[in-house]
Amino acid sequence: MKVAIIGKGLAGILTAMAWKAHVPSSEIEIYYDPDAPIEPVGSGSWPNLLDLITQFEERSPESWSSIGPMLYNNWRDAKWDQTVKTGISYSGWGGKDWFHDFGINRVAMHFDPKMFCDDMSQYFKCIPKKVGYNIDADYIYDCGGSPFSGRECSSESWDRYTLLQNPLNRVLLAETDPYTRVYCTTDNVATKDGWCFVIPLQSRTSMGYLFNSDITTDEEALENFHEQFGEAKVTGWRSFHNYCAKNPVMDGRIFMNGNKYFFIEPLEATSITGYMVWIERTLRYIMQGASIQEMVADNQRDICENANFLLYHYAHGSKYDTPFWDYAKSLWKPTDTWNNILKDAKQGNWKHRVQGTAYNYSYFSFLSVIATYCNMETQQDFKSLLRNNW
Ligand SMILES: Cc1cc2nc3c(=O)[nH]c(=O)nc-3n(C[C@H](O)[C@H](O)[C@H](O)COP(=O)(O)OP(=O)(O)OC[C@H]3O[C@@H](n4cnc5c(N)ncnc54)[C@H](O)[C@@H]3O)c2cc1C
């Protein structure tokens, strides 16, 4: 089976790795536009990225002739500027500091996306050519990046996308010296204007000061960033929309993925997981005959619930009483699904069930949702709740 992937950013590379891991005999070609570099952001992941890397490394011998026998990476020697990520630390959110942890037995990775994509692309046939959909392949994944980047959106582009509600639309990117800690987390620090991620890599600390340009000017953001975080080298600015394609599949054989398909702000670093969930659904359709309509409906629901769950994080404000936080708080509207999940959780039914099937909220495990609820909303001790109700 011949699979063509447009784009060798994170979405394209992860799509290629997942195909090789699950369908080792597949023939993969990655096309990329030499004049369009990949996004420099996307350094935070979930533990399932490490699962995919392992599955790719251990894939069956059928693919050895094209890629070579075994790959083997480890924390010390991999060339991705990697550090261990044990979870996400929230400072100044909802009135207190709290930790969205991955559990004692699971870790994820912080890494440099370009170094990761460059390293992984050596295992695939990569063709430097700007292409359309008229390429020779059974299936095409369009991972060509944001449909809105670097230019004003045409009304035609907007027709194909739904806007997702979110209080942020701009980021100031910066970096400082690397630092070490006993345990390593992504720090999400509340600010007057929104929040700032602080991601420890081996060679540097990557930072993103996220704000809303309708409320805060670039000059104010820069000043407030330096006031709160001190000296740091500014590396760029980016505007973004939060959106989702209305129809991510064309002719039953062309699938959008990555920023081409959807984008939601990086609060919980959900993009990579979103791409992986979608690849698995397309594989279930192609390899196991699952209904593509069902796969698309499930995926659209997950993306919308994810966007909604991220909004929930703003619902209880922060230690800052500012126009940004007033606006952010006003966006949260609990849905019936959300209310049902919480009702089940409070009764100790940790696996919410819909028609007999265990159901997570969005990409999140049920425990992540209830931990957020306890820490942000009730100020309840989440661990004793677990002990008492299990
Ligand atoms: C501030 C910020 C922080 C973020 N942090 C995280 C995070 O911590 N974790 C996370 O999971 N996500 C994060 N994201 C999301 C991140 O942007 C995406 O995970 C990632 O960049 C997805 O990129 P992509 O592969 O879709 O597109 P890109 O990286 O833009 O790659 C596009 C590729 O398509 C190629 N291309 C385009 N058109 C053509 C064509 N016609 N023919 C051939 N090739 C073509 C280009 O050459 C390029 O190779 C963050 C986003 C922002 C803005």
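For the numbers below, each heavy atom of this structure counts, side chains included, while hydrogens, waters and symmetry mates do not. Numbering of ligands and ligand atoms starts at 1, following listing order.
Using the six-membered ring where Trp is involved, Tyr243 and Tyr161 have ring planes that are perpendicular, over 60° apart on the 30 and 60° scheme. Between Phe211 and Tyr209, the angle of the ring planes lies from 30° to 60°, which puts this pair in the tilted group. Ring pair Phe309/Trp338 is tilted by interplanar angle, where 30° to 60° counts as tilted. Aromatic ring pairs are classed by plane angle as parallel below 30°, tilted from 30° to 60° and perpendicular above 60°; the pair Tyr314 and Trp325 is tilted.
Every heavy atom of Tyr261 sits 4.0 Å or more from the atoms of ligand 1.
Interface of Ile6 with ligand 1, defined as ligand atoms under 4.0 Å from a residue heavy atom, comprises 39 (C), 40 (C), 42 (N), 43 (C), 44 (N), 45 (C). Of all atoms in ligand 1, listed by their number and element, those nearer than 4.0 Å to a heavy atom of Gly258 are 26 (O). With ligand atoms numbered from 1 in the order given, ligand 1 contributes 11 (O) to contacts under 4.0 Å with heavy atoms of Ile272. For ligand 1, the atoms closer than 4.0 angstrom to any heavy atom of Gly9 are 25 (O), 29 (O), 31 (O), 49 (O). Near Cys143, meaning under 4.0 Å from any of its heavy atoms, are these atoms of ligand 1: 32 (C), 33 (C), 34 (O).
A distance of 13.5 Å separates OG in Ser43 from NZ in Lys114, rounded to the nearest 0.5 Å.
When Thr15, Asp33, Val131 are checked for heavy-atom proximity to atom 41 (N) of ligand 1, Val131 turns out nearest. When the options Ala269, Pro266, Gly274, Ala108 are ranked by their closest heavy atom to atom 3 (C) of ligand 1, first place goes to Pro266.
Taking distance alone, with nitrogen or oxygen atoms compared against 3.5 Å, Pro37 stays at or beyond that limit from ligand 1. In terms of N/O distances under 3.5 Å, ligand 1 is approached by Tyr275. At a 3.5 angstrom cut-off on N or O pairs, Lys260 does not count as close to ligand 1. In terms of N/O distances under 3.5 Å, ligand 1 is approached by Glu39. On a distance-only criterion, Phe263 and ligand 1 share no N/O pair closer than 3.5 Å. Taking distance alone, with nitrogen or oxygen atoms compared against 3.5 Å, Arg238 stays at or beyond that limit from ligand 1.
Using modelled atom types, no side-chain atom of Glu58 and backbone atom of Gln55 make a donor-acceptor pair closer than 3.5 Å. Side-chain N or O atoms of Asp193 include none that pairs as donor or acceptor with a backbone N or O of Thr216 at under 3.5 Å. In this structure a side-chain-to-backbone donor-acceptor pair under 3.5 Å is missing from Asn360 to Tyr363.
By the criterion of a heavy-atom distance under 4.0 Å, the backbone of Ser43, and not its side chain, is placed next to ligand 1. Under 4.0 Å from ligand 1, the heavy atoms of Lys129 that appear belong solely to its backbone.
Counting heavy-atom neighbours within 6.0 Å of Lys125 NZ, excluding the residue itself, gives a total of 12 or less.
For the pair Met17 and Phe116, the tightest heavy-atom approach, listed with the atom from each and the gap, is SD-CZ, 4.1 Å.
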